[in-house]
Number of protein chains: 2
Amino acid sequence: MNRIKTIETVSQVGKTVLIKGWVNNRRNMGKIVFLDLRDRWGIMQVVVVPNELDSESQQIIKDIRPEFVLAVEGVVQKRGDKQINNDMPTGTVELLVKKIQVLSQSETPPFEIANEDRQANEELRLKYRYLDLRHERMKNNILWRDKVIHFIREYLHAHDFVEIQTPILSKSTPEGARDYLVPSRLHPGEFFALPQAPQQYKQLLMIAGMEKYFQIAPCFRDEDARADRSPGEFYQLDMEISFVKQEDVLDLTEKLFTELVETLFPEKKISQKPWPRLDYDEVIKKYKTDKPDLRKDKNNPDELAFAWILNFPLMLPQTKEDTFHYAGEKWGPAHNMFTAPKEEDIKKLDKNPGAVRSYQHDLVLNGFEVGGGAIRIHDMKLQEKIWDIIGFTKEQKKQFAHYFEAFKYGVPPHGGIAPGIDRLLMVLLGEKNLKEVTAFPLTSDGRDPMMDSPSAVSKEQLDELGIQVKK
Amino acid sequence: MNRIKTIETVSQVGKTVLIKGWVNNRRNMGKIVFLDLRDRWGIMQVVVVPNELDSESQQIIKDIRPEFVLAVEGVVQKRGDKQINNDMPTGTVELLVKKIQVLSQSETPPFEIANEDRQANEELRLKYRYLDLRHERMKNNILWRDKVIHFIREYLHAHDFVEIQTPILSKSTPEGARDYLVPSRLHPGEFFALPQAPQQYKQLLMIAGMEKYFQIAPCFRDEDARADRSPGEFYQLDMEISFVKQEDVLDLTEKLFTELVETLFPEKKISQKPWPRLDYDEVIKKYKTDKPDLRKDKNNPDELAFAWILNFPLMLPQTKEDTFHYAGEKWGPAHNMFTAPKEEDIKKLDKNPGAVRSYQHDLVLNGFEVGGGAIRIHDMKLQEKIWDIIGFTKEQKKQFAHYFEAFKYGVPPHGGIAPGIDRLLMVLLGEKNLKEVTAFPLTSDGRDPMMDSPSAVSKEQLDELGIQVKK
């Protein structure tokens, strides 16, 4: 007999069916036993009346405990009016069992699965992530994550975008945060870096003529964690388009996410449509932050206040806290050194760089920055001027030799944006921490207690890579 | 005026339109200049008659060379019957130019773009990959790659699969090939490893109750390159399903790829449907290889001979060349130590492990292994027996402590497969090397000549990570 999903039983009243899943809980009512059987699609009440069972199953039922994996054959029957449970999708039916098979046993888990309110600490939840993911809320977060990403892919494909995987074994360049490094075995003493973002690759893809690129891209920054910043890896919707103006990028992004919210989260209300487009200076003056929470009612979990912040300064004075490795000169890029200055401000670059506005655009949602992007510089003379103002040395320019070279061969005007998938999901799903929307996150101090990584490796492995751990 | 795609001009005869793109080539015919303008969608013949141009454009036209980026405004006109070019999608029309704007200039590229038959060597092609990707064939390969992957995602979502991203900062375990290592800054002396495949994560996701998982997963093996094996990273369609038998996995995979080929590559012919399911011993006897090329006509580039190879031995004698780090004992897993032995053969495990057959399934296509998978062991006692036979020490078992722990809490029977995306594309697109279907591949000796990676990094970076390069 083919197994059906628990949720499918509601249309099978009177029929004999086979369901499989985990025991969510067990209640003994005298001789009768009630089991809740859980599969990915829901929970089904299973009624075990001893004399309805074959003799083997009568023995088996005695030992069954929560989290056992079972195959259960039985007859779907309507529940009595008083037994109907409208909180359960299968609440109108139950399964009268004829035959039970144990597919796998379970010890008592370190925390309860059926009870969502258990108070397991984060370390325990991550160590037993495969059990934590059995919780309804966590399972749904992972399913929603997939739905959101799939919607984005559908939408962008329908709008002529091509998804392209860019290298994960990439190059260390001074672009902002700290790099994760990967020693090369074939070239001892040299290292790959994991990409902080596919920034340069996406611009090179524009130079290659791909015109409309996106990628659900893994990004890696070796920075200390915050609730809204993952240690290790995170995902961004990396997008870049040729032959566009800033408002084209804003319009497309706005349409994509408006349609996403209205399709997948119809209960959510977008505070203002079209999204407000705000001036950086005015936002700072009014809210003292460049990521204001513009919800009308901050207690309404279903309100989504998207807004664009525009007209950022191109340059900011360098500070000691600056993560740019080439700090030391007076000016640093406010966002990213590839961001184009506003056309009308280019003339101020020489004498008053601090007064130059840029084509940067930040996307904020309920007080979180959920994306940033810009129209890029597509003229190497202007790029070099920017590098000079931020004080790039000859050596530092050399790290961008490939970029310099690429700009010789016909660069289309281009721009893009990179909304953070994890942070966006966190807000959409009403979670307070990125870990709740990631299948296997690291702890805040960058460990995976489940796999026990990072971990020591053998001397042979290090020897092959030509590196050693410093004493 | 909004820019339209070159391909859209065919329906705009008589209208004034704006197109943008790269100059594919320039032909001077006396005073008249013909430009071929290339965008992602095609090539458009542009006719420049000096006295049709505004005065500014008359100056501009003189300097325009191949690979300049232009915005061209003009009137679409039907070509004369003799000028119609049926090899070009826009071959029935041409654009009579009124106005030209140079968006970006270009030096002479290191190899020709318009001429596909240029003989650039691999090093040059990879150094200037952004120019190499401008070639029609390479651009199409990248677009096809996206179409194939998108089809797979569509199909699996329609079949209840959920895509889940598993960690890229993972753990080094003795599973087969050499790991890429990533030093941890927060835990000096310890390392993450890039995943050779998400093998353990996908099994943990089955234990978590996800039931049907897939991922277009980046995988990393630090092995020497071959034409059909990328150095560095590659992608696999990683799939795992709970509550299945081997034939369910085979049926699903077969339907997916059959529908994919028939939808996206209707000119291809699948040699045999359903795909032959062959016995390993018989295949070895008959073809002296476990990946036979079963095409009826090996000269037919459109023939696709898929086949399943089944009934592999579970164990093979260890050899010195074995990449398994725990070699040294008599037996090693023929594929993967999580592969389940056939039920009827379990009794032979103790006395004659070499005679035990497994639930491994390999997918071959035109002589390439394009995927492998298995029904997995879901019982820890059996898993431990396998580890003992292959000679795992206590220390080695400890590296799987998390796996051992996970198996205590209700493991569903499960199995899956992992077709190689790159290798499959290589065969489907008739290419001879994986590099032709990858946007930014490494060279065979593991370098990226474009980014110049791997590369030296600063002493400060290494100090922070607590490692040093061996002298």
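Protein chains get the first letters and strands the later ones, always in sequence-line order, with residue 1 at the start of each. Values below: every heavy atom of this structure, side chains too, minus hydrogens, waters and symmetry copies.
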With a 4.5 Å heavy-atom cut-off, do Glu67(B) and Ile113(B) have their side chains touching? yes
Are the side chains of Val411(B) and Asp379(B) in contact, using a 4.5 Å heavy-atom criterion? no
Let me know if [X] has heavy atoms under 4.5 Å from chain A in its side chain, its backbone, both or neither.
{"X": "Asp39(B)", "value": "both"}
{"X": "Thr166(B)", "value": "both"}
{"X": "Pro167(B)", "value": "both"}
{"X": "Ile142(B)", "value": "both"}
{"X": "Phe68(B)", "value": "neither"}
{"X": "Pro412(B)", "value": "both"}
{"X": "Ile207(B)", "value": "both"}
{"X": "Glu107(B)", "value": "both"}
{"X": "Lys127(B)", "value": "neither"}
{"X": "Thr108(B)", "value": "backbone"}
{"X": "Met210(B)", "value": "both"}

Does the ring center of His378(A) lie less than 6.0 Å from the ring center of Phe243(A)? no
Tyr213(B) and Phe161(B) aromatic centres sub-6.0 Å: no
I'd like to know if the side chain of [X] reaches the main chain of [Y], judged simply by a donor and an acceptor atom lying under 3.5 Å from each other, with no hydrogens or angles considered.
{"X": "Ser458(A)", "Y": "Gln461(A)", "answer": "yes"}
{"X": "Lys171(B)", "Y": "Ala193(B)", "answer": "no"}
{"X": "Lys139(B)", "Y": "Arg40(B)", "answer": "yes"}

Could you check which of [options] has the highest count of heavy-atom pairs closer than 4.5 Å to chain A?
{"options": "Leu186(B), Leu181(B), Thr438(B)", "result": "Leu181(B)"}
{"options": "Asp445(B), Ile164(B), Asp448(B)", "result": "Asp445(B)"}
{"options": "Arg145(B), His187(B), Arg447(B)", "result": "His187(B)"}
{"options": "Lys20(B), Glu190(B), Lys5(B)", "result": "Glu190(B)"}
{"options": "Tyr201(B), Tyr235(B), Phe220(B)", "result": "Tyr201(B)"}
{"options": "Gln105(B), Glu405(B), Met206(B), Lys147(B)", "result": "Glu405(B)"}

Between [options], the one whose heavy-atom pairs under 4.5 Å with chain B are most numerous:
{"options": "Glu460(A), His402(A), Arg38(A)", "value": "His402(A)"}
{"options": "Leu204(A), Asp222(A), Leu133(A), Val457(A)", "value": "Asp222(A)"}
{"options": "Tyr128(A), Tyr180(A), Phe407(A)", "value": "Tyr128(A)"}
{"options": "Val182(A), Leu103(A), Ile168(A), Val69(A)", "value": "Ile168(A)"}
{"options": "Ser455(A), Ser104(A), Ser453(A)", "value": "Ser455(A)"}
{"options": "Gly232(A), Pro231(A), Ala208(A)", "value": "Ala208(A)"}

Under 3.5 Å, is there a donor on one side chain and an acceptor on the other for Asn140(A) and His135(A)? no
Are Asp224(B) and Arg185(A) close enough for a salt bridge, meaning some N to O gap below 4.0 Å? yes
Between Arg3(A) and Asp248(B), does at least one N-O distance fall below 4.0 Å, as a salt bridge requires? no
Over 12 non-hydrogen atoms of neighbours within 6.0 angstrom of [atom1] in [X]:
{"X": "Glu464(B)", "atom1": "CD", "value": "yes"}
{"X": "Lys470(A)", "atom1": "NZ", "value": "yes"}
{"X": "Glu154(B)", "atom1": "CD", "value": "yes"}

If I measure from the heavy atoms of chain B, does Pro183(A) come under 4.5 Å with its side chain, its backbone, both, or neither? both
Test side chain to side chain contact (heavy atoms under 4.5 Å, CB included) applied to Gln215(B) and Glu163(B), Lys202(B), Arg153(B), the passing residue: Glu163(B)
